Amino acid sequence: MNELKYAECILKIAETRNISRAAEALFITQPAMSRILHYVEKAVGFEIFDRKAQPLNPTARGTLYINFLSTIREMETEMKKQVSLLDDELPQILRVGMVPERGIGIYSKIFPELMQEENHIKFMIQNGYSKELETLFVNGKLDICILNGPIQNTIENQIVLDEEEILLVVGKKNTTLLSELAEQETAAGHVDLRKLKSIGMVVLNKGQRMRQVAENILRASQIQGRDIIEVYNLGTAVQLVATSRYASFIPVSALLKSSVREEICAFHLGSGNQTWELRLLYAKSSLKPIADTISEKYRKLCRGETSLITA
């Protein structure tokens with residue numbers, strides 16, 4: 001029944017009772033609408049409208065055919081509604097991506113509770129760098145993603161879980177750099193990196209968001225000719241800073257968790273403080289209740305555990 005693809009045209013003619021007005025409503029020409037009507041009538045084997053009457057009236061057979069098309073349209077509308085409801089249902093398996101370091105508390109304390117509360121859902125957890133997780137999420141391979149900012153893609157459904165201040169940290173043994181920083185430190189403990197001649201930096205490996213944040217800060221500060229050491233994680237970065245002439249950009253939580261924090265001096269980066277975001281992305285609106293639950297549990301976890309408190 002190839003003629004059904006023109007059902008909207010026939011129904012519009014029946015509604016307006018005029019070929020020209022129907023054509024105008026559907027943004028096609030009057031000759032084109034006349035050809036469509038002629039084609040459909042030839043396909044079904046009878047006249048749908050009595051051309052002798054103005055405005056147009058359907059013939060007896062045409063009335064049956066128009067009622068048939070109306071029923072088909074109603075069934076199509078209901079089908080789309082049912083499909084939409086299915087799309088909004090929560091999946092039985094929820095694929096969750098999570099960054100390892102900042103996700104430890106979420107994985108070990110929040111998700112066990114969530115699994116008990118949502119026992120009809122199986123959670124599949126995948127760890128990885130933020131860049132990798134974001135790619136998987138954008139490609140539809142993750143339903144929920146907990147990762148470090150900045151986010152590279154435009155994603156509608158997201159919640160900012162945390163915004164940690166990033167500090168410039170220097171080992172107390174690095175007296176030369178500390179002296180230089182002390183000369184231009186404000187009363188609030190802020191430093192302007194643009195006043196530094198040069199600085200050796202410990203940064204995370206490429207591909208990690210904290211590396212990107214560090215490069216953005218250095219670029220904005222116009223620090224050139226810097227000496228770079230790459231490490232795998234923030235804990236190693238803090239330990240290296242404590243025993244060397246290098247500095248690093250470290251979020252507050254990583255400094256608080258470090259066993260060598262007493263050997264470190266930390267400085268704020270001025271009024272335009274840089275932050276390290278932790279974001280939760282969710283693939284569709286039906287997942288928002290679970291996303292909100294994770295967010296609320298995370299806030300309670302931050303309030304209750306010093307290791308996750310941010311300044």
Side-chain angles (χ1 to χ4, degrees), residues 94-111 114 123-169 201-220 228-238 240 248-258 269 273-284 287-288 290-295 297-299 301-302 307-311:
L94 208 57
R95 302 161 300 174
V96 181
M98 196 178 305
V99 285
E101 284 190 83
R102 296 178 93 184
I104 289 176
I106 298 174
Y107 178 73
S108 62
K109 300 196 174 174
I110 291 177
F111 268 87
L114 195 61
F123 292 88
M124 297 181 64
I125 311 295
Q126 177 172 342
N127 290 323
Y129 286 158
S130 295
K131 183 177 180 180
E132 299 167 352
L133 294 177
E134 185 175 347
T135 298
L136 290 172
F137 180 85
V138 170
N139 291 333
K141 296 182 180 179
L142 292 173
D143 302 301
I144 289 178
C145 194
I146 299 170
L147 74 171
N148 299 318
I151 304 298
Q152 304 303 306
N153 296 274
T154 301
I155 296 171
E156 180 180 356
N157 299 324
Q158 56 176 292
I159 298 172
V160 177
L161 294 178
D162 209 344
E163 288 184 285
E164 294 188 48
E165 182 186 355
I166 296 172
L167 305 171
L168 173 67
V169 297
M201 294 297 302
V202 179
V203 297
L204 298 193
N205 294 331
K206 288 185 177 180
Q208 298 196 51
R209 291 286 163 84
M210 195 62 211
R211 169 64 175 270
Q212 181 182 342
V213 170
E215 289 180 344
N216 290 343
I217 296 172
L218 290 170
R219 190 180 303 110
I228 295 291
I229 294 180
E230 294 184 348
V231 296
Y232 179 73
N233 58 45
L234 291 167
T236 302
V238 176
L240 187 55
S248 188
F249 298 115
I250 301 294
V252 172
S253 65
L255 187 59
L256 289 174
K257 288 186 284 188
S258 175
L269 298 176
N273 288 347
Q274 296 287 333
T275 59
W276 192 36
E277 296 179 342
L278 182 65
R279 290 180 176 262
L280 185 154
L281 318 178
Y282 54 100
K284 55 185 180 179
L287 294 173
K288 189 176 187 302
I290 288 182
D292 288 339
T293 298
I294 295 172
S295 178
K297 289 180 181 293
Y298 182 83
R299 285 196 292 271
L301 188 63
C302 289
S307 62
L308 289 175
I309 294 176
T310 61

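Atoms considered below: every heavy atom in the structure, side chains included; atoms not considered: hydrogens, waters and symmetry mates. Keep in mind that this is a model prediction, so the values were computed, not measured.
- Here the closest non-hydrogen pair linking Tyr129 and Asn205 is OH-ND2, 4.4 Å.
- Atom OG in Ser248 sits 10.5 Å away from atom CG in Leu167 (nearest 0.5 Å).
- Proximity of a side-chain donor or acceptor of Gln158 to a complementary backbone N or O of Ile155 within less than 3.5 Å is detected.
- The closest side-chain heavy-atom distance from Val213 to Pro150 is below 4.5 Å.
- Contact between Gly128 and Pro100 at its shortest, heavy atoms only, is O-CD, 3.5 Å.
- A donor-acceptor pair is defined here as one N or O able to donate and one able to accept, closer than 3.5 Å; such a pair exists between the side chain of Asn233 and the backbone of Gly235.
- Residues Tyr298 and Leu278 meet the side-chain proximity criterion, which asks for heavy atoms closer than 4.5 Å.
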Check against side chain to side chain contact (heavy atoms under 4.5 Å, CB included), Leu168 and Phe249: CA-CA 5 Å; Leu168 173 67; Phe249 298 115; 3.8 Å; yes
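- One distance of note links CZ of Phe137 with CG of Asn153; it measures 10.0 Å at 0.5 Å rounding.
- For Lys288, the side-chain hydrogen bond (donor to acceptor under 3.5 Å, both in side chains) test picks out Asp292, with sequence neighbours left out.
- Nearest heavy atom pair, residue Ala291 against residue Tyr282, reads CB-CD2, 3.6 Å.
- Thr275 places no side-chain N or O within donor-acceptor distance of the main-chain N or O of Glu163, the cut-off being under 3.5 Å.
- If you take CG on Asp143 and CG on Leu94, they are separated by 4.5 Å, rounding to the nearest 0.5 Å.
- Looking at heavy atoms from C-beta onward, Lys131 lies out of side-chain contact with Gln152 at the 4.5 angstrom threshold.
- With Ile144 as reference, Leu280 is the one residue of Leu280, Leu281, Asn157 to meet the side chain to side chain contact (heavy atoms under 4.5 Å, CB included) rule.
- For the pair Pro251/Met210, a side-chain contact is recorded, criterion being any heavy-atom separation below 4.5 Å from C-beta on.
- Cys145 places none of its side-chain heavy atoms less than 4.5 Å from the side chain of Leu136.
- Enclosure of atom NZ in Lys297 by more than 12 non-hydrogen atoms of other residues, nucleotides or ligands within 6.0 angstrom is indicated.
- Residues Met98 and Ile125 form a side-chain contact, since some pair of their non-hydrogen atoms from C-beta on lies under 4.5 Å apart.
- In terms of modelled atom types and a separation under 3.5 Å, the side chain of Arg211 and the main chain of Leu204 share a donor-acceptor contact.
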CA sep, side-chain torsions, deciding dist, call: Ile229, Leu240, side chain to side chain contact (heavy atoms under 4.5 Å, CB included): CA-CA 10 Å; Ile229 294 180; Leu240 187 55; 3.8 Å; yes
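- Note that CD1 of Ile294 is 8.0 Å distant from CD1 of Ile159, once rounded to the nearest 0.5 Å.
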Test side chain to side chain contact (heavy atoms under 4.5 Å, CB included) applied to Arg95 and Gln126, step by step: CA-CA 8 Å; Arg95 302 161 300 174; Gln126 177 172 342; over 6 Å; no
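- Of all non-hydrogen atoms in Ala237 and Ile250, the two that sit nearest each other are CB-CD1, 4.0 Å.
- Here the straight-line distance linking atom CE of Met201 with atom CD1 of Ile217 works out to 8.0 Å at 0.5 Å rounding.
- Using a 4.0 Å cut-off between charged nitrogen and carboxylate oxygen, Glu277 and Arg209 do not count as a salt-bridge pair.
- Between Thr236 atom OG1 and Glu230 atom CD the span is 13.0 Å, to the nearest 0.5 Å.
- A donor-acceptor contact shorter than 3.5 Å is absent between the side chain of Glu165 and the backbone of Leu269.
- By the ring-ring contact (aromatic ring centres under 6.0 Å, His included) test, Phe111 is found to be paired with Phe123, residues two or more places apart in sequence or in another chain being considered.
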